[in-house]
Amino acid sequence: MTTIVEMPLKFNANIKKINDSREEFYRDIKTSQIITFTVEFFADCFANDPRQLKAVNVRLYQVAQSQRPHVNHYAFTWEDLPRKEDENWSGFRAKVDRHLKKFLLDLKDTTNAIEGKIL
């Protein structure tokens, strides 16, 4: 059976922080039919440096019958992790990269998340 839905051209610009509302995030995942994610990397002037994750953006699409999809946008960024005063920038970036990669691995293991955007 095929279902056709009309996707909105604009999404709610209200971005929720995953760290602020983890229970709500995982509850919304259970009721979402489509889960997409995009990643952002720290910018670096040296092309030979390994790319390190800076942020993960997750969109949860909840499609109700005969209605437009409800889209929730969540973000997990480098700003959500505390930086110690004695921690240097490269060490902090490596810590952020580890945390975000672990989050992505957990997301991929527990859901059928798709990398990229629908629109």
If you measure from [atom1] on [X] to [atom2] on [Y], what distance do you get to the nearest 0.5 Å?
| X | Y | atom1 | atom2 | result |
| --- | --- | --- | --- | --- |
| Phe41 | Lys54 | CZ | NZ | 11.0 Å |
| Leu60 | Asp28 | CG | CG | 6.0 Å |
| Thr31 | Tyr61 | OG1 | OH | 14.5 Å |
| Leu100 | Gln52 | CG | CD | 10.5 Å |
| Arg27 | Glu24 | CZ | CD | 5.5 Å |
| Tyr74 | Ile35 | OH | CD1 | 11.0 Å |

Checklist entry - Does the pair Asp97/Arg93 count as a salt bridge with the N-to-O cut at 4.0 Å? => result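 No salt bridge links Asp97 with Arg93.
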
Item to check | Worked verdict on Glu40 versus Thr77 for side chain to side chain contact (heavy atoms under 4.5 Å, CB included) | outcome: CA-CA 9 Å; Glu40 298 175 30; Thr77 69; over 6 Å; no

Taking a hydrophobic cluster as the set of Ile, Leu, Val, Met, Phe, Trp and Tyr residues connected by side-chain heavy atoms closer than 4.5 Å, whether directly or through intermediates, do [X] and [Y] fall within one such cluster?
| X | Y | value |
| --- | --- | --- |
| Val39 | Ile29 | yes |
| Tyr26 | Val56 | yes |
| Leu107 | Ile15 | no |

Next on the checklist: Classify the ring geometry of Trp78 against Phe42: parallel below 30°, tilted from 30° to 60°, perpendicular beyond 60°.
Outcome noted: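 Tilted, since the angle between the ring planes falls between 30° and 60°.
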
Checklist entry - Listed by chain and number, what are the ring-ring contact (aromatic ring centres under 6.0 Å, His included) partners of Phe92, not counting sequence neighbours? => result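 Once residues adjacent in sequence are excluded, the partners of Phe92 under the ring-ring contact (aromatic ring centres under 6.0 Å, His included) criterion are Trp89.
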
Check whether any side-chain heavy atom of [X] sits under 4.5 Å from a side-chain heavy atom of [Y], and report yes or no.
| X | Y | answer |
| --- | --- | --- |
| Asn57 | Arg59 | no |
| Asp80 | Ile18 | no |
| Asn19 | Arg22 | yes |
| Phe103 | Val58 | yes |
| Gln62 | Gln33 | yes |

Next on the checklist: Can a donor-acceptor pair be found, under 3.5 Å and without considering hydrogens, that links the side chain of Lys95 to the backbone of Pro82?
Outcome noted: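 Present.
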
Next on the checklist: Set out, in order, the CA-CA distance, both residues' side-chain angles and the distance that settles side chain to side chain contact (heavy atoms under 4.5 Å, CB included) for Asn72 and Phe25, then state yes or no.
Outcome noted: CA-CA 9 Å; Asn72 290 313; Phe25 174 71; over 6 Å; no

Checklist entry - Can you tell me if CG on Asn112 sees more than 12 non-hydrogen neighbours from other groups inside 6.0 Å? => result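 It does not: Asn112 CG has 12 such atoms or fewer within range.
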
